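First the structure, in the form of structure tokens, and then the observations on it.
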There are 2 protein chains.
Amino acid sequence: MGRIKTDNNHTRKEVIITSAAALFKEKGFKAASMRELADVVGVEAASLYNHIHSKSELLHIICFEVANRYMHTMDEIEAEATNSIQKIEKLLRFLITGMVLHYDEVYVSDREWKHLSEPYLSNFQSQRRTFRKRFAAIIEQGIAKKEIKKIDAPTAVLILLHAVSGIESWHRSKVKINGKELEENMITILVGGLKK
Amino acid sequence: MGRIKTDNNHTRKEVIITSAAALFKEKGFKAASMRELADVVGVEAASLYNHIHSKSELLHIICFEVANRYMHTMDEIEAEATNSIQKIEKLLRFLITGMVLHYDEVYVSDREWKHLSEPYLSNFQSQRRTFRKRFAAIIEQGIAKKEIKKIDAPTAVLILLHAVSGIESWHRSKVKINGKELEENMITILVGGLKK
DNA sequence: AAAATACACTAACACTCGTTAGCAATATAA
DNA sequence: TTATATTGCTAACGAGTGTTAGTGTATTTT
């Protein structure tokens with residue numbers, strides 16, 4: 001075969017990671033083989049190892065890319081001087097556009113993190129928990145200030161996060177509404193459901 | 001080892017299926033091995049094949065048990081002489097309690113159906129599509145009768161379904177609110193988000 | 001008690017998997 | 001051009017996979 005094609009902005013490793021995200025999404029981490037990945041990239045399986053250490057490295061790079069982006073955004077939004085509803089709306093919009101833009105990575109990070117190996121697994125779970133707690137805290141502040149219905153905040157977080165990850169099926173669907181319209185619909189339903 | 005233990009109401013095959021659902025949920029279909037399943041059941045791997053035909057049979061039994069239950073309920077609810085909001089609420093309550101009661105099976109059916117083999121795969125996907133279309137139709141009727149906000153019905157369906165499947169994490173969480181309370185919270189947020 | 005059935009065992013099969021070793025070709029730096 | 005670092009290849013490894021064949025032993029039926 002030839003060598004791995006790169007436009008000049010991406011290293012060969014990055015090309016592999018991108019293809020891996022797409023493949024892991026489609027087949028699942030365990031079911032996807034390095035030989036398939038090599039095929040997609042246009043190379044023999046063994047050649048991949050000139051660029052990466054292991055299959056599991058691919059998974060943890062993908063997962064933490066997403067996790068770090070989430071944490072970074074949470075930092076920003078917490079720091080803003082806005083009310084809870086505004087913070088939640090901004091967070092949702094970030095999650096939705098993030099899902100539309102980095103679909104493969106977010107999907108894999110969402111569904112395949114179980115296959116991370118230690119210490120990455122524990123680390124990832126901990127980041128996930130923290131993110132949800134901070135999200136719930138925002139909702140609880142909103143409840144305290146009577147901007148939001150009196151509901152169980154952790155439950156609300158679960159609903160919101162999973163509703164967003166439902167975009168998965170939107171992505172597969174043929175009669176797509178466009179991304180912006182999707183976003184507005186979700187905000188209407190979800191924020192509308194929280195507001196007092 | 002001994003033989004597979006059964007209380008008198010369940011066949012040995014049913015015991016295997018139940019254990020398989022739990023194992024597939026925990027490890028994922030591909031990552032779960034027949035030798036592990038045999039361990040759980042208390043028997044050697046080869047012995048399983050006195051009761052089942054193959055690993056993939058286990059998956060499609062689990063998936064279609066859930067799918068059939070969904071279809072059956074949809075039939076019932078469609079036939080009722082109630083308005084859209086009431087139908088949606090009933091559907092949601094069914095989905096939520098179904099998730100709490102048959103957690104492993106629903107989870108596996110939700111996340112692992114991709115690994116079904118033909119013709120089961122096509123059949124399952126088709127049932128899934130049909131269920132969603134019928135759900136969307138109920139929402140659209142509600143919009144036409146101005147009971148529901150003017151939103152994109154298929155998007156709303158995705159949000160509702162994925163919000164419900166988020167109970168997964170509730171199930172894992174240690175500080176659980178009880179099932180009934182969970183249900184009320186979800187109804188409040190989700191139906192509240194739809195209502196005009 | 002005898003015969004038939006259900007069920008579990010051991011051993012092994014044909015594969016696929018991730019990964020490594022060693023070597024050849026190509027691109028880059030001197 | 002020569003030397004060096006990159007990147008690819010083939011071949012093979014050891015481990016794990018689902019599954020089958022054949023055999024022995026309980027349990028159930030007659």
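Chain letters run A, B, ... following the sequence lines, proteins first, then strands; residues in each count from 1. Everything numeric here is computed off the predicted structure, so don't read it as measured data.
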Gap between atoms [atom1] and [atom2], on [X] and [N] respectively (whole Å):
| X | N | atom1 | atom2 | value |
| --- | --- | --- | --- | --- |
| B:Leu58 | D:dT19 | CG | C1' | 13 Å |
| B:Ile16 | C:dC7 | CD1 | P | 10 Å |
| A:Glu44 | D:dT6 | CD | C1' | 18 Å |
| A:His115 | C:dG18 | NE2 | P | 13 Å |
| A:Leu48 | D:dC9 | CG | P | 9 Å |
| A:Asp39 | D:dG8 | CG | C1' | 15 Å |
| A:Tyr49 | D:dT10 | OH | P | 17 Å |
| B:Met34 | C:dC15 | CE | C1' | 17 Å |

query: Start at the 5' end of DNA chain D and walk down; is the nucleotide closest to B:Ala31 or to A:Arg12 reached first?
result: A:Arg12

query: Nearest nucleotide by nearest heavy atom, which residue falls closer to the 5' end of DNA chain D, B:Ser33 or A:Ser47?
result: A:Ser47

- request: Answer yes or no: are there more than 12 heavy-atom neighbours, outside B:Lys13 itself, under 6.0 Å from its atom NZ?
  value: yes

query: Considering residues, nucleotides and ligands other than B:Glu26, do more than 12 of their heavy atoms fall under 6.0 Å from its CD?
result: no

- request: Please state whether the phosphate of D:dT6, meaning OP1 or OP2, lies under 4.0 angstrom from any side-chain nitrogen or oxygen of A:His51.
  value: no

message: Looking at C:dG18, I'd like to know if its phosphate oxygens (OP1 or OP2) sit under 4.0 Å from a side-chain N or O belonging to A:His53.
response: no

- prompt: Can you list the stems that include DNA chain D, where a stem is three or more consecutive Watson-Crick or G-U pairs with distances under 3.5 Å?
  reply: C:1-16 with D:15-30, C:18-28 with D:3-13

task: Confirm from the modelled atom types if B:Asn50 and C:dA8 form a donor-acceptor pair under 3.5 Å, side chain to base only.
output: yes

- prompt: Under the side chain to side chain contact (heavy atoms under 4.5 Å, CB included) test, which residues partner A:Arg69, sequence neighbours left out?
  reply: A:Val66, A:Phe94, A:His102, A:Val106

query: Which class fits the ring pair A:Tyr120 and A:His60: parallel under 30°, tilted 30 to 60°, perpendicular over 60°?
result: parallel

task: Report the residue from B:Phe29, B:Tyr107, B:Trp113 that forms a ring-ring contact (aromatic ring centres under 6.0 Å, His included) with B:Phe24.
output: B:Phe29

query: Given the rule in the side chain to side chain contact (heavy atoms under 4.5 Å, CB included) test, do A:Ile139 and A:Ser84 qualify, once you have shown the distances and angles that lead to the verdict?
result: CA-CA 6 Å; A:Ile139 292 179; A:Ser84 299; over 6 Å; no

message: Does anything in residues 92-105 of chain B form a salt bridge (charged side-chain N to carboxylate O under 4.0 Å, His left out)? List the pairs, not counting sequence neighbours.
response: B:Lys25-B:Asp104, B:Glu89-B:Arg93, B:Arg93-B:Glu183, B:Arg93-B:Glu184

Considering only [options], which nucleotide approaches the side chain of [X] most closely?
| X | options | value |
| --- | --- | --- |
| B:Arg3 | C:dT19, D:dT10, C:dA8 | C:dA8 |
| B:Val43 | C:dT19, C:dC9, D:dT19 | C:dC9 |
| A:Ser54 | D:dG18, C:dT19, D:dC9 | C:dT19 |

- prompt: Which comes earlier along DNA chain C counting from the 5' end, the contact point of B:Ala45 or that of A:Arg35, where each point is its nearest nucleotide?
  reply: B:Ala45

